[in-house]
Amino acid sequence: MSFWQSFWDIIWWTIWIFAFFAYLWAVIAIITDLFRDHKLNGWWKALWIIFLLFFPFVTALIYLIARGRGMAERAQKDAVQAQQATAEYIRQAAGTSASPADEIAKAKALLDSGTITQQEYDLLKAKALARQG
C-alpha cells in the first residue's frame, strides 16, 4: 500500500465522518423542531419520527424542504424568548426594578410591615428618586 493510497483513504474517512455527524445534527434539529411546534398534532409528530427511523435521509430532506422556513421562525422565536428571560433574570438578580415607583412601593410595604424604620424608608425613597433623574 502506497502513501497516497492511505492518504486518500484518510480523506474519504474524514468526509464520511463529517457527513455522518452533519446528518445526526440535522436529525436532532428536526426532532427538536417537531417537539417545539405546538401547532402540529401529536400523530403527525409520531409519523415524522417513524419516517425518520425507516427512511432517514429522504425524510430529513423532505422535512427540511417542506418545513424549513417554519423551523427557522420557531428557532428564532425561542431564541428571542430565551434572551428576554435571561435579561429579566439579570435585572431581577441585580435587584433593579422596572421603575422607581415600584421600588418606593416595595419600600413602603417593608415600612408598613415593620421590617424597616422610617429613616431607612426615606433613604430608599431618596435612592429610587435619584435613580430616576
Side-chain angles (χ1 to χ4, degrees):
M1 185 186 277
S2 72
F3 169 75
W4 289 108
Q5 180 65 31
S6 63
F7 174 75
W8 288 113
D9 286 343
I10 292 170
I11 296 296
W12 277 112
W13 274 105
T14 304
I15 290 170
W16 279 109
I17 289 170
F18 172 78
F20 176 73
F21 281 109
Y23 169 73
L24 282 180
W25 181 48
V27 168
I28 290 169
I30 289 170
I31 291 172
T32 303
D33 183 63
L34 278 170
F35 289 104
R36 181 185 297 151
D37 188 4
H38 299 292
K39 295 178 184 174
L40 193 61
N41 184 326
W43 289 104
W44 282 108
K45 291 177 184 183
L47 189 64
W48 276 111
I49 291 187
I50 288 170
F51 274 101
L52 271 174
L53 289 174
F54 292 108
F55 307 105
F57 295 108
V58 175
T59 305
L61 186 62
I62 291 171
Y63 188 90
L64 292 173
I65 291 170
R67 297 179 48 89
R69 179 176 301 211
M71 193 174 177
E73 291 169 356
R74 284 183 292 278
Q76 184 179 16
K77 179 182 160 192
D78 280 358
V80 168
Q81 287 177 344
Q83 185 178 17
Q84 289 172 346
T86 301
E88 179 60 32
Y89 172 76
I90 290 170
R91 277 193 295 277
Q92 187 179 33
T96 57
S97 296
S99 70
D102 291 338
E103 292 181 25
I104 294 170
K106 287 179 185 178
K108 180 65 174 158
L110 290 173
L111 176 66
D112 292 342
S113 69
T115 306
I116 61 174
T117 64
Q118 181 65 41
Q119 292 83 11
E120 291 170 324
Y121 169 76
D122 293 338
L123 179 64
L124 290 172
K125 184 177 174 182
K127 283 183 183 179
L129 291 174
R131 200 174 303 154
Q132 179 184 14

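Predicted, not measured: the structure shown is a model, and the values here were computed from it. Numbering starts at 1 and runs along the sequence shown.
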Enquirer: Check Leu110, Asp112, Ile104 against Tyr121 for a side chain to side chain contact (heavy atoms under 4.5 Å, CB included) and give me the one that passes.
Expert: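 So, applying the side chain to side chain contact (heavy atoms under 4.5 Å, CB included) to Tyr121 and each of Leu110, Asp112, Ile104, only Ile104 qualifies.
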
Enquirer: With sequence neighbours excluded, give me every salt bridge (charged side-chain N to carboxylate O under 4.0 Å, His left out) pair touching residues 13-27.
Expert: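 Qualifying pairs: none.
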
Enquirer: So which residues get pulled into Trp13's cluster when ILVMFWY side chains under 4.5 Å apart are joined, directly or through others?
Expert: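 Members other than Trp13 - counting any ILVMFWY side chain reachable under 4.5 Å - there are none.
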
Enquirer: Within the 4.5 Å heavy-atom criterion, are Ile116 and Leu124 side-chain neighbours or not?
Expert: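 Sidechains of Leu124 and Ile116: in contact.
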
Enquirer: Quick one: name the residues clustered hydrophobically with Ile30, using the 4.5 Å side-chain heavy-atom rule over I, L, V, M, F, W, Y, and just say none if it's on its own.
Expert: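 Joined to Ile30, directly or through intermediates: Tyr23, Val27, Ile31, Leu34, Phe35, Leu40, Trp44, Leu47, Trp48, Ile49, Ile50, Phe51, Leu52, Leu53, Phe54, Phe55, Phe57, Val58, Ile62, Tyr63, Leu64, Met71.
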
Enquirer: Any chance you could measure Leu123, atom CG, to Gln119, atom CD, to the nearest 0.5 Å?
Expert: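 Atom-to-atom, Leu123:CG and Gln119:CD are 10.0 Å apart.
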
Enquirer: Would you list the pairs meeting salt bridge (charged side-chain N to carboxylate O under 4.0 Å, His left out) in which at least one residue belongs to residues 49-69, sequence neighbours left out?
Expert: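 Non-adjacent pairs meeting salt bridge (charged side-chain N to carboxylate O under 4.0 Å, His left out): Asp37-Arg67.
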
Enquirer: If you look only at pairs with a residue in residues 11-35, which of them pass as a salt bridge (charged side-chain N to carboxylate O under 4.0 Å, His left out), with sequence neighbours excluded?
Expert: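 Non-adjacent pairs meeting salt bridge (charged side-chain N to carboxylate O under 4.0 Å, His left out): Asp33-Arg74.
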
Enquirer: Of the non-hydrogen atoms in Pro100 and Ala128, which two are nearest, and what is the gap between them?
Expert: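 Of all heavy-atom pairs spanning Pro100 and Ala128, the closest is CB-O, 3.4 Å.
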
Enquirer: Would you name the heavy atoms of Thr14 and Ile10 that are closest together and state the gap between them?
Expert: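 Of all heavy-atom pairs spanning Thr14 and Ile10, the closest is OG1-O, 2.7 Å.
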
Enquirer: Would you call Lys108 and Leu111 a side-chain contact if the rule is heavy atoms closer than 4.5 Å?
Expert: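 They are in side-chain contact.
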
Enquirer: Applying side chain to side chain donor-acceptor pair (under 3.5 Å), which residue pairs with at least one partner in residues 75-87 are found, sequence neighbours left out?
Expert: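 Every pair satisfying side chain to side chain donor-acceptor pair (under 3.5 Å) with a residue in residues 75-87: Arg36-Asp78.
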
